S.K.: 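Supplied in structure tokens, the structure appears directly below.
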Amino acid sequence: MDVKKASSKRVFISLPKKHLPALEQYYDLDHGLFVTDLIPHINEGYLKAYFREWGTVTACKIKKNPDMTGDKAVAYVRFATEDEADRADWAGPHNVGGGDVIVKRVVSPKLDDSSDEEVSTVSAKPRPRRSLG
């Protein structure tokens, strides 16, 4: 069978691990975590640093919605391998930034084009900051 890549918008799928091989027959999958109940002032760099303990974080995207009840944010953290995502999920419960969060293991069909959520997995030297003086 041909393995396909999905196009357009990213879809997050949460299903029992025993059903993953059937889905992998039809799609190349990205493995990650969907994190809910984040405090609103957490940024993507902090979240990547938190989950780096369990593997290589290849993407991290936080969505803050002012209309959400309780003023919470949600995030998607993608790992390089299935094993790394599993280890991060099994290490819970997670406490990110002083608040308890809900972590759900998800898969997502890989997208055709490289999206803006891609981040470099290589540790790069930070750029020097400009002087304000």
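Quick note: numbers below take in every heavy atom, side chains included, and nothing from hydrogens, waters or symmetry partners. None of these values were measured; they are calculated from a predicted model.
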S.K.: Tell me, please, which residues at least two apart from Asp89 pass side chain to side chain contact (heavy atoms under 4.5 Å, CB included).
M.R.: Leu33, Val103, Arg105
S.K.: For Glu84, which residues count as a salt bridge (charged side-chain N to carboxylate O under 4.0 Å, His left out) partner, sequence neighbours excluded?
M.R.: none
S.K.: Can you list everything that forms a side chain to side chain contact (heavy atoms under 4.5 Å, CB included) with Ala49? Sequence neighbours excluded, please.
M.R.: Arg52
S.K.: Would you say the side chain of Val74 lies within less than 4.5 Å of the side chain of Leu38, judging by non-hydrogen atoms?
M.R.: no
S.K.: Lys61 side chain to Tyr76 main-chain N or O, any donor-acceptor pair under 3.5 Å?
M.R.: no
S.K.: For a quick test of reading the model, state the closest non-hydrogen atom pair linking Ala73 to Ile62 and the distance between them.
M.R.: CB-CG2, 4.1 Å
S.K.: Enter the distance from Cys60:SG to Asn43:CG here, rounded to the nearest 0.5 Å.
M.R.: 8.5 Å
S.K.: Is there a donor-acceptor contact under 3.5 Å from the side chain of Glu82 to the main chain of His31?
M.R.: no
S.K.: So does Asp37 pair up with Lys72, basic N to acidic O under 4.0 Å?
M.R.: no
S.K.: Please step through side-chain contact (heavy atoms from CB on, under 4.5 Å) for the pair Trp54 and Trp90, ending with a clear verdict.
M.R.: CA-CA 10 Å; Trp54 295 284; Trp90 297 334; over 6 Å; no
S.K.: Measuring from Arg78:CZ to Thr58:OG1, what's the distance to the nearest 0.5 Å?
M.R.: 4.0 Å
S.K.: Measuring from Ile39:CD1 to Asp100:CG, what's the distance to the nearest 0.5 Å?
M.R.: 10.5 Å
S.K.: Could I get the full list of salt bridge (charged side-chain N to carboxylate O under 4.0 Å, His left out) partners for Arg87, not counting sequence neighbours?
M.R.: Asp83
S.K.: Quick one: NZ on Lys48 to OG1 on Thr56, what's the gap to the nearest 0.5 Å?
M.R.: 12.5 Å
S.K.: With side-chain contact (heavy atoms from CB on, under 4.5 Å) as the test, would you mind laying out the steps for Val96 and Leu47 before giving the verdict?
M.R.: CA-CA 8 Å; Val96 179; Leu47 201 58; 3.7 Å; yes
S.K.: Which heavy-atom pair separates Phe79 from Phe51 by the least distance, and what is that distance?
M.R.: CE2-O, 3.6 Å
S.K.: Apply ring-ring contact (aromatic ring centres under 6.0 Å, His included) to Tyr46 and list each qualifying residue two or more places apart in sequence or on a separate chain.
M.R.: none
S.K.: Let me see the working for Ile102 and Val35 under side-chain contact (heavy atoms from CB on, under 4.5 Å), right down to the final yes or no.
M.R.: CA-CA 6 Å; Ile102 299 169; Val35 184; over 6 Å; no
S.K.: Quick check: closest heavy atoms across Ala85 and Gly32, and the distance to 0.1 Å?
M.R.: CB-N, 4.0 Å
S.K.: Please determine whether side-chain contact (heavy atoms from CB on, under 4.5 Å) holds for the pair Tyr50 and Val77, giving the CA-CA distance in whole Å, both sets of side-chain angles, and the decisive distance to 0.1 Å.
M.R.: CA-CA 11 Å; Tyr50 177 83; Val77 180; over 6 Å; no
